[in-house]
Asks: 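The structure's right below; bear with me while I get my questions together.
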Amino acid sequence: MTLKQALISGCALALLSVEAQAQEQGAAATPPEAPQPAAPAAPAPTPSNMRKISGKVLDALTNDGLPLTRVIIKGTTKGVETELDGSFALEIPKGPVTLLFSSQDHKDREVVVGANRDTVTVSLDATFVEEMVVVGRASELARKHLANSVASVNSEELNRAPAATVDQALQGKVAGVNIQSNSGAPGGGMQMKLRGVSTVNGSSAVLYVVDGVLISDVAIASGVYQLTESVRGSNPAATQDNQVNRIADLNPNDIESIEVLKGASAAAIYGSKASNGVVIITTKKGKAGAPRVDVTQRVGMYSLSNTLGSRPFTSREQVVERYGESVAAQHWTGSSFNQEALLAGRRDVSYETLASVSGSSGDTRYFASAMVRDDKGIIQNTGYQKQSFRLNLGQKLGTDVEVNASANLVHTLGNRGLTNNDNTNITYYMALASTPSFVDLRANGSGVYPANPFVSSRSNPLQTAALMTNDEDVWRLLGSADAVWNVYKSETQSFKVLGNLGVDRFQQQNKVFSPSTLAFELPLDGLPGTSLHGTSEVLNINTGVNVVHNYKPASGAVNATTSAGFQYEQSGVDSLYVRSSGQIADQQNVSSGTQLSVRQNRALVRDRGFYLQEEMLLMNEHLTLVGAVRGEQSSANGDPNQLFFYPKLAAAYRFQPFHPAVNEFKVRLAYGETGNRPTYGQKYTSLSSINNIGGLPAILGTGSVGSPDLRPERQREFEAGVDTMLFNGNAVVELTVYQRNIYDLLLPRTIPGSTGFTNEFTNGGEMFNRGVEAMLQVTPVRNEDWEWTSNTTFTLNRSQVTSLPEGDVRIPVFGTSLGEFRLQEGASATQIVGDLVQADGATVLRKVGDAEPDFRMGFSNTVKYRDFSLSFLLDWQQGSDIINLTRFLYDANKNSADYATRGAQRQRDWLTDASVYVEDATFLKLREVTFSYNLPSSVFSKVPMVKSARFNISGRNLLTFTNYSGLDPEVSNFGNHPIARNVDVAPFPPSRSFWTSLDVGF
């Protein structure tokens, strides 16, 4: 039995055992000899002017029945309450009738029932003003009282269309959030950027908090750079391996809600880890009631969505003119081959199976889920597999104590292929760039692939895809536990103590094997076969104690909540890479090679912090005041004992409705500070043991040192906004403006060699971001048959560097002749500069582009007609520029599809103007589309235990409208680098996906 099969079996057994136990307890609670109820009396005859109607009331988010919902005939007091499953029956007058539906925590709704209708199904939305939002480490506020901009995404919005990762599922759905794919490789690799660039050399990762656990989103290099030598030259950092950021491990279907704290005024309570924003994820919990089992089966496929094409050759004379007579004699047959389709044209069947059980038994609540996903990549030997099992438990101990525990075991296997930049010309598109279309790279009848004579490495991309492996195998365990003790509670006051513990532990294994049969193996280093093995162990631990006091006198003059707490957090990474060359008999063990090299990277950071927060609701809860301060120490700072403080202040005022159409109108103003602590390598000097002194082995420093007073980057942000709800919730508007001032940037500076080092990381430099965020949600149509909800988001951000004490800061890419990023005072932090040769022959450096979009917008719509619904999401990016070096490679090899008409001219123009290969990245993408049909009960009523069933057809990234000439305007050769994004160098090609699924509830 394989590990995958064992995990699937274990998940299934666990789910069944939980359900069986709950059913046994439920059965035990029923008296074995309960008396049979008397036969119901015959119903009274219906008056001639009356008719019967039956129906069901559902929660619009969960599709669950809403019990105890009041259904009243408008203009009368006659009505009923729904049963536990949300069903009801009511006698109403003949002819059209308006029914009023009202339920606690849901919006009221009027529905007109036509004269010929005898059944009706109504969905009620959760009340906007009562949605609770986390505002501190241990406190929350109703959304109507919020003094900050906090975006929320619920489970339905997140999972309308299947997505492999959480960040992919969030694309285009939150104002102020720019989520960009680094490539089209299966299994993720994305960057989430909130409110622009916040750092140059610090961490650009968002802080993710899952059920109170601060989890790692680190992107660890696979080590394939040792094969491609991509770090050679001006780019020493191993960021070109097409890494996966580990938030990809989470199962999006386990998530109940996501809250995005975009600015410092909301995220200050997380101190030096919050400059890039905070994403708070809450997973699903058990709900009161009998066990509920949900099963989803999805089947789909991925297909290549775009190609570059190559230079067409229609005659032997054209081949002779380009390559010479010898090439024509050997390779020209009159045939043409679509090399990209041969490489990336696979359409294998993918699948995803989901199962969950939830409910309660006595004082115990439970939720358990299992997932098995297998995405087949469009290139041979690529794909993404994930198995996940989650168990969430909640237990009340008496009336005053409640404990919760959560465990999530995840296994992922990503087959990443061989893409992105390399200096050995072996990755797929690096080889295709110089391969003419008339060359047949396919294997012969014996399965032998020809070497590619048009590449210096002899690399045949079809052979590389078939025989080489680049696998990333991850086992991860996320665990959390928390307890709440309600120490005191009266009519006016309450006091509680909360404790929490979280552990995030994963092991990532990267295995790259290049057999000796690959055409590039001997030309590469003269040794047959290469095996790379990387193991990274990551452990994050956080724990804390919080106290919360609430005071609300009977007069209602004030509602004050005071919270305070202490946290300890630790994060460690230990990565070990072994490269073995000359694999004897093509054995994959690294011990079977003739030459071995080893490198190891270790990092450990410990943080301690405390906070105090006060939230006050005044003036009959129309005025909200929030103030907080966090103090923090970190071993990553130059002085680990120095205490840094991060304050925040916020206020909001809810006006009395001044028009019948206005239900809520609120203005808010907030200020906050966050930090971005130094990275481990900026404080500590790495050592190298590959040198010697006097012929003896020696460990030498690598030339970089951290300043003794190294401290976190600081961010100060002002935010103002307006929130309003109109027409009884049928229109919601949110508008926010902000300015983020960032100072004490972590920057390197040159120091005298007499110190024993060449450069030092220190604090200096300033920049700012300012921008606008807007959200408009409207429900223009809502009646007994139709409902249409539309949501629009808008994001605009501008940055500017205001101070650089050490002068311009160069962000290495591939030189100014092709365009690179450079920080200059008075310029955008994401500007691209390049060479321009003037008429007099002098070369000047000028701005040739900017990676920051002009703006981004998202358009989400859901249209429902009875049991049918159609949802789609459009994601529009206007502006942003890309350095398209893939096109440069094709042009330089005289192999671009338009070389004869435009490519040759581009090469001539590039000699004097670097802007030739900087292109506009504007695009409009159909991110998601889903068509759903709720099967009528008559279809599944004969199937035992089935309560609901739904059929879905979905697609992701089906259409892309863009003038960009590359494979995809979403691209980043340098992974999650905070500045050097939008660099296109031989990426993994993009794909679209199609899915059909069946959801069944038991």
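If you're wondering where the values come from, they're calculated on a predicted model, not measured in any experiment.
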Asks: Would you tell me whether Ser575 and Ser536 have side-chain atoms, one donor and one acceptor, within less than 3.5 Å of each other?
Replies: yes
Asks: For Asp574 and Gln600, test the side chains for any donor-to-acceptor distance below 3.5 angstrom and give the result as yes or no.
Replies: yes
Asks: Evaluate Arg246 against Asp217 for salt bridge (Lys or Arg N to Asp or Glu O under 4.0 Å), listing each step before the verdict.
Replies: CA-CA 5 Å; Arg246 294 263 58 96; Asp217 189 36; over 6 Å; no
Asks: Run the salt bridge (Lys or Arg N to Asp or Glu O under 4.0 Å) test on Glu325 and Arg316 for me, step by step, so that the C-alpha distance in whole Å, both residues' side-chain angles and the decisive distance to 0.1 Å come before the verdict.
Replies: CA-CA 9 Å; Glu325 179 62 38; Arg316 192 175 190 279; 2.6 Å; yes
Asks: Looking only at atom types and distance, does a side-chain atom of Ser350 sit under 3.5 Å from a main-chain N or O of Lys376, one as donor and one as acceptor?
Replies: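 Yes; judged by distance alone, with no hydrogens or angles, the pair exists.
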Asks: With a 4.5 Å limit on heavy-atom distance, are the side chains of Ile832 and Ile883 in contact?
Replies: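 Side chain of Ile832 against side chain of Ile883, heavy atoms only: contact under 4.5 Å found.
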Asks: Quick one: CG on Leu304 to CZ on Arg992, what's the gap to the nearest 0.5 Å?
Replies: 8.0 Å
Asks: Please determine whether side-chain hydrogen bond (donor to acceptor under 3.5 Å, both in side chains) holds for the pair Asn589 and His533, giving the CA-CA distance in whole Å, both sets of side-chain angles, and the decisive distance to 0.1 Å.
Replies: CA-CA 9 Å; Asn589 290 355; His533 184 85; over 6 Å; no
Asks: Quick one, Phe513 and Gln588 - any side-chain contact, counting heavy atoms below 4.5 Å?
Replies: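 Side-chain contact under 4.5 Å: yes.
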Asks: Quick check for you: to the nearest 0.5 Å, what is the distance between Phe988 atom CZ and Thr419 atom OG1?
Replies: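 One finds 7.0 Å between CZ of Phe988 and OG1 of Thr419.
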Asks: Evaluate the side-chain proximity of Tyr964 to Asn884: yes if any heavy-atom separation is below 4.5 Å, no if none is.
Replies: yes
Asks: Between Ser216 and Asp504, do the side chains contain a donor N or O and an acceptor N or O under 3.5 Å apart?
Replies: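 Checked: Asp504/Ser216 side chains show no N/O donor-acceptor pair below 3.5 Å.
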Asks: Kindly compute the distance separating OG (Ser531) from CG (Asp586), expressed to the nearest 0.5 Å.
Replies: 10.0 Å
Asks: Indicate whether the side chain of Arg908 and that of Gln905 have a donor and an acceptor atom separated by less than 3.5 Å.
Replies: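 There is such a pair between these side chains.
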Asks: With a 3.5 Å distance limit and no angle check, can you tell me whether Thr816 reaches the backbone of Gly819 through a side-chain donor-acceptor pair?
Replies: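 Not a single qualifying donor-acceptor pair exists.
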Asks: Got a sec, which residues hit side-chain hydrogen bond (donor to acceptor under 3.5 Å, both in side chains) with Asn420, two or more places apart in sequence or on another chain?
Replies: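 Result, side-chain hydrogen bond (donor to acceptor under 3.5 Å, both in side chains) vs Asn420: none returned.
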Asks: Would you tell me whether Ser230 and Asp422 have side-chain atoms, one donor and one acceptor, within less than 3.5 Å of each other?
Replies: no
Asks: Side-chain contact test, heavy atoms from C-beta onward, threshold under 4.5 Å: evaluate it for Val578 versus Thr535 and give yes or no.
Replies: no
Asks: Donor-acceptor pair, distance only, cut-off 3.5 Å: does the side chain of Gln587 make one with the backbone of Ile584?
Replies: no
Asks: Going by distance alone, is a donor N or O of one side chain under 3.5 Å from an acceptor N or O of the other, for Tyr429 and Glu340?
Replies: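 Short answer, yes.
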Asks: Can you confirm whether the side chains of Asp984 and Thr886 place a donor and an acceptor under 3.5 Å from each other?
Replies: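 Asp984 vs Thr886: donor-acceptor pair found between side chains.
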Asks: Quick one: does Leu308's side chain get under 4.5 Å of Leu967's, heavy atoms only?
Replies: yes
Asks: With a 6.0 Å cut-off (strictly less than), is the heavy-atom count around CD of Glu321, excluding the residue itself, greater than 12?
Replies: no
Asks: May I ask you to say whether Lys511 pairs ionically with Asp471, meaning some side-chain N is under 4.0 Å from a carboxylate O?
Replies: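 Salt bridge absent between Lys511 and Asp471.
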Asks: So does Arg322 have more than 12 non-hydrogen atoms from other groups sitting under 6.0 Å from CZ?
Replies: yes
Asks: Treating Asp440 as the side-chain partner and Arg442 as the backbone partner, does any N or O pair qualify as donor plus acceptor under 3.5 Å?
Replies: yes
Asks: For Ser303 versus Arg347, what's the shortest heavy-atom pair and its separation?
Replies: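 Scanning both residues, the minimum pair turns out to be CB-NE, 3.6 Å.
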Asks: Arg416 and Glu472: salt bridge (Lys or Arg N to Asp or Glu O under 4.0 Å), yes or no, with the steps?
Replies: CA-CA 8 Å; Arg416 305 290 290 175; Glu472 186 165 282; 5.7 Å; no
Asks: For Glu919 and Ser965, indicate whether the former's side chain and the latter's backbone hold a donor-acceptor pair under 3.5 Å.
Replies: yes
Asks: Please table the atom pairs, donor to acceptor, closer than 3.5 Å between any side-chain atom in residues 461-470 and protein atoms at least two apart or in another chain.
Replies:
from	atom 1	to	atom 2	distance (Å)
Gln463	OE1	Ala519	N	2.9
Gln463	NE2	Thr517	O	2.9
Thr464	OG1	Asn460	O	3.1
Asn470	ND2	Gly417	O	2.8

Asks: Any donor-acceptor pair under 3.5 Å linking the side chain of Asn895 with the backbone of Ala433?
Replies: yes
Asks: OG1 of Thr435 to CZ of Phe337: how many Å apart, nearest 0.5 Å?
Replies: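 That separation rounds to 13.0 Å.
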Asks: Report yes if the side chains of Ile426 and Leu418 come closer than 4.5 Å at any heavy-atom pair, otherwise no.
Replies: yes
Asks: Angle between ring planes, Phe974 versus Phe814, binned at 30° and 60°: parallel, tilted or perpendicular?
Replies: tilted
Asks: For Asn182 and Gln191, which heavy atoms make the closest approach, and how far apart are they?
Replies: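 Scanning both residues completely, I find the closest heavy atoms to be OD1-N, 4.3 Å.
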Asks: Are side-chain heavy atoms of Leu532 and Leu227 found at a separation under 4.5 Å?
Replies: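 Sidechains of Leu227 and Leu532: in contact.
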Asks: Check Ile379, Asp968, Thr307 against Pro989 for a side-chain contact (heavy atoms from CB on, under 4.5 Å) and give me the one that passes.
Replies: Ile379
Asks: Which of these, Pro987, Ser181, Pro990, Ser183, sits in a side-chain contact (heavy atoms from CB on, under 4.5 Å) with Val971?
Replies: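 So the option named by the test is Pro987.
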Asks: Restricting to non-hydrogen atoms, name the atom on Arg906 and the atom on Asp891 that form the minimum distance, rounded to 0.1 Å.
Replies: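 Smallest interatomic distance, heavy atoms only, reads NE-OD2, 2.7 Å.
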Asks: Please give me the minimum heavy-atom distance between Gly966 and Asn306, naming the atom from each residue.
Replies: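 Where Gly966 meets Asn306 most closely, the heavy atoms are O-ND2, 3.2 Å.
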Asks: Just by distance, with hydrogens left out, do Asn251 and Arg373 show a side-chain donor and acceptor under 3.5 Å apart?
Replies: no
Asks: Would you check if there is a donor-acceptor pair between the side chains of Tyr384 and Asn415 at a distance under 3.5 Å?
Replies: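 No - no donor-acceptor pair under 3.5 Å links their side chains.
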Asks: Hey, could you give me the CD/CD distance between Gln508 and Gln243, rounded to the nearest 0.5 Å?
Replies: 9.5 Å
Asks: Given Asn425, which partner from the list Ser456, Ser457, Ser459 fulfils the side-chain hydrogen bond (donor to acceptor under 3.5 Å, both in side chains) test?
Replies: Ser456
Asks: So, taking the atom named CD in Gln387 and the one named CD in Gln385, what distance separates them when rounded to the nearest 0.5 Å?
Replies: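 That separation rounds to 6.5 Å.
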Asks: Take Asp525 and Arg579 through the salt bridge (Lys or Arg N to Asp or Glu O under 4.0 Å) test and state the conclusion after the steps.
Replies: CA-CA 13 Å; Asp525 56 9; Arg579 173 181 177 172; 3.4 Å; yes
Asks: I'd like to know whether the aromatic ring centres of Trp910 and Phe888 sit less than 6.0 Å apart in this structure.
Replies: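 Yes, they do, as the ring centres are separated by less than 6.0 Å.
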Asks: Kindly state each residue pair satisfying ring-ring contact (aromatic ring centres under 6.0 Å, His included) with at least one member in residues 442-471, sequence neighbours excluded.
Replies: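 Matches after skipping sequence neighbours: Tyr323-Phe454, His331-Phe454.
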Asks: Would you confirm whether Ser580, through its side chain, and Val590, through its main-chain N or O, come within 3.5 Å as a donor-acceptor pair?
Replies: yes
Asks: Indicate yes or no: at least one non-hydrogen side-chain atom of Met190 is less than 4.5 angstrom from one of Gln180.
Replies: no
Asks: Any side-chain donor paired with an acceptor under 3.5 Å for Thr530 and Glu521?
Replies: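 Yes, Glu521 and Thr530 have a side-chain donor paired with an acceptor closer than 3.5 Å.
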Asks: Considering non-hydrogen atoms only, spot the tightest contact between Val918 and Ala914 and give its length.
Replies: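 The pair with the smallest heavy-atom distance is CG2-O, 4.0 Å.
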Asks: Which pair of non-hydrogen atoms, one from Ser388 and one from Val410, has the smallest distance, and what is that distance?
Replies: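 For Ser388 versus Val410, the nearest heavy atoms are OG-CG2, 4.1 Å.
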